[in-house]
K.L.:
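Following this message is one structure expressed as structure tokens.
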Amino acid sequence: MRHITKVTLAVSIALLMLYASAAVARNTAGQPKQGKTGSTKPAPQTRPSNKPAKDEAIIHVIRDVSPQQVQATIEKLVSFGTRNTLSVNNPGAATSSKGIVAARNWIKSEFERYSAACGGCLEVKTDTFIEQPKGRVTTPTEIQNVYAILRGTDPAQAKRIYLVTGHYDSRRQDVMNTTDPAPGANDDGSGTAVSLECARVLSKHRFPATIIFLTVAGEEQGLFGSAHFAKMAKEQGWAIEGALNNDIVGGNRTPGDTLQNNNWVRVFSEGIPAAATEAELNRIRSVGGENDSSSRQLARYIVEVSQTYSSFGPFSPKMIFRRDRYLRGGDHSSFNQQGFAAVRFTEYREDYHHQHENPRTEKGIEYGDLPKFVDFNYVANVARLNAATLATMASSPAPPAKAQLMTRELENDSKIEWAPSPGAVAYEVLWRRTTDPEFPAENGSRTTDTKVDLKESKDNVIFGVRSIDAKGHMSLIVIPEPGRAGSPVLEQQRAKDK
Ligand SMILES: [Zn+2]
């Protein structure tokens, strides 16, 4: 147990002086922090300096998101009648004003329109392939993902990619029906609109790292579009550091639904990575890492972004610590399968009368995924949160690489080291109790060095490390891995000391 006593204060100050050449105390008074972990008294709330800084450009991005534009996009998508992936095989599909070909051509033209407005800043691309018969695909079917790249401006950072996606295909009860109306306003016209709106507002700005605005097809037939895209990204070595999947973010506003909460959007994230190797699973089991996948750090990041920008008002993300809802799947899983951090945004409370249903009225209930049940202001809030998160991640330095928590010897101290991150002027080591869902704001140590030696015992807490640039942008948090043999940096130092 730690108490705020003269003794601990004196010890802490002495320790601080030991490392003062590199370490920078975080609070304004330059006094060491009493962390929440293990404290019996509430920690002092003196953390103005270690909260992520607000960025004027990102405030502008948030203000620029338009509910009217979101509504226009969703209504246009619905106007294609059906966006069933198999409708590509309908006679005359290539020239028809209805069906998925017309829809994907229109999405591409929207990206091109945004690009024209920013002097060609977007690279508008398609990822087209033939899906062979399998499950809900009965004949060889062309599937096309449509996307736009806002290339990073910093050659050292542009390889880092952040991505937002939604699926533009739709379905009826009969997932094989390719001709009758399948409006898909919420599922997933709303997510497609988020991706497009992010492209529109973010293309007016430039970021050091790269952002991809993706729309995929084949989701309702079996996640085929996202699976192909994520596999391609993996094979080509794309460094996707975070993927935001928006699926059913319409904020369903069925009359009489008193349990809906339009101030909340759920953010689903996997705990144990789908792509973990047996060795990684063993490490997770051994250290209690079930709650610390890269996808979960991404979810925590989204929460922090929403807290940084009060512009969201009462609207906020609610983390759900599971991959997805019961009986359901989504495109973020395709990215998880390839080892990328990815989360799913979904409205707080879904109405199953308005998903995958044939539009009709039966016994006084109106079925169908129609625009009238979509809350365009809610979708705009989700788009604001996505855009602000993408902008913040793409403005931040890379997360610290090769972070290691030294476990060479039995000791209560926690020694953590990491490789320098280009563009970072400082780093922050955070910690939380093993039972805490988030890293508490008051538990942290800021340093300009690439190592720390902390009194918090690694046995009692979970540590995270992040990079900070000169403007206060903070990277995603990485969890240092146990480094039993010691890091190369440490080894060199030891060799020198001999
Ligand atoms: Zn969906």
Side-chain angles (χ1 to χ4, degrees), residues 70 73-74 77-78 80 82-87 100 103-104 107 131 135-137 143-147 163-178 181-197 213-230 243-252 265-270 320 322-337 342-359 367-371 373-375 378-379 382-383 386:
V70 162
T73 298
I74 292 173
L77 288 167
V78 170
F80 296 109
T82 179
R83 305 189 306 278
N84 185 296
T85 297
L86 306 180
S87 66
I100 197 162
R104 74 194 194 191
I107 291 168
E131 188 67 46
R136 294 166 172 179
V137 170
I143 293 178
Q144 185 173 88
N145 302 316
V146 186
Y147 62 107
L163 178 148
V164 58
T165 186
H167 71 87
Y168 68 89
D169 62 312
S170 68
R171 63 169 290 184
R172 290 167 66 86
Q173 273 176 327
D174 175 6
V175 73
M176 309 306 286
N177 182 309
T178 63
N186 191 355
D187 185 11
D188 183 28
S190 63
T192 305
V194 166
S195 207
L196 282 167
E197 187 63 356
F213 311 95
L214 173 64
T215 65
V216 299
E219 197 270 354
E220 303 290 9
Q221 312 305 124
L223 311 183
F224 293 126
S226 58
H228 188 270
F229 191 92
L244 311 178
N245 176 34
N246 291 268
D247 195 352
I248 312 179
V249 290
N252 171 64
V265 64
R266 291 179 290 174
V267 179
F268 289 86
S269 60
E270 65 177 10
I320 309 284
R322 55 170 53 117
R323 181 175 297 157
D324 211 327
R325 302 100 74 229
Y326 284 99
L327 303 174
R328 310 294 289 273
D331 292 317
H332 58 306
S333 298
S334 296
F335 289 91
N336 289 155
Q337 289 288 345
V343 299
R344 175 194 183 116
F345 289 85
T346 296
E347 65 191 14
Y348 174 63
R349 185 175 152 87
E350 297 169 75
D351 188 326
Y352 305 108
H353 291 161
H354 304 144
Q355 293 177 15
H356 304 183
E357 283 285 352
N358 304 344
Y367 293 85
D369 190 352
L370 304 166
F373 300 120
V374 173
D375 180 340
Y378 181 87
V379 183
V382 177
N386 273 260

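These numbers come from the heavy atoms of this one structure, side chains and all, not from hydrogens, waters or symmetry mates. Note that ligands are numbered from 1 as they come in the structure, with each ligand's atoms numbered from 1 the same way.
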K.L.:
Check whether any N, O or S atom of Asp188 sits under 2.8 Å from the Zn ion (ligand 1).
P.N.:
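Looking at Asp188, which is the residue asked about, there is no N, O or S atom under 2.8 Å from the Zn ion (ligand 1).
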
K.L.:
Do Phe213 and Thr165 have side-chain heavy atoms sitting under 4.5 Å apart?
P.N.:
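No, every pair of side-chain atoms sits at 4.5 Å or beyond.
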
K.L.:
With the Zn ion (ligand 1) as the point of reference, which N/O/S atom of Asp187 is the closest?
P.N.:
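Output for this pair reads OD1.
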
K.L.:
Tell me which one of Gln355, Glu347, His354 satisfies side-chain hydrogen bond (donor to acceptor under 3.5 Å, both in side chains) with Asn186.
P.N.:
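Considering Gln355, Glu347, His354, a side-chain hydrogen bond (donor to acceptor under 3.5 Å, both in side chains) with Asn186 is found only for Glu347.
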
K.L.:
Kindly determine whether Asp188 and Arg83 satisfy side chain to side chain contact (heavy atoms under 4.5 Å, CB included), including the steps that lead there.
P.N.:
CA-CA 10 Å; Asp188 183 28; Arg83 305 189 306 278; over 6 Å; no

K.L.:
Run the side chain to side chain contact (heavy atoms under 4.5 Å, CB included) test on Asn246 and His167 for me, step by step, so that the C-alpha distance in whole Å, both residues' side-chain angles and the decisive distance to 0.1 Å come before the verdict.
P.N.:
CA-CA 8 Å; Asn246 291 268; His167 71 87; over 6 Å; no

K.L.:
With the Zn ion (ligand 1) as the reference point, give the N/O/S atom of Asp247 that is nearest.
P.N.:
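In Asp247, the heteroatom (N, O or S) nearest the Zn ion (ligand 1) is OD1.
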
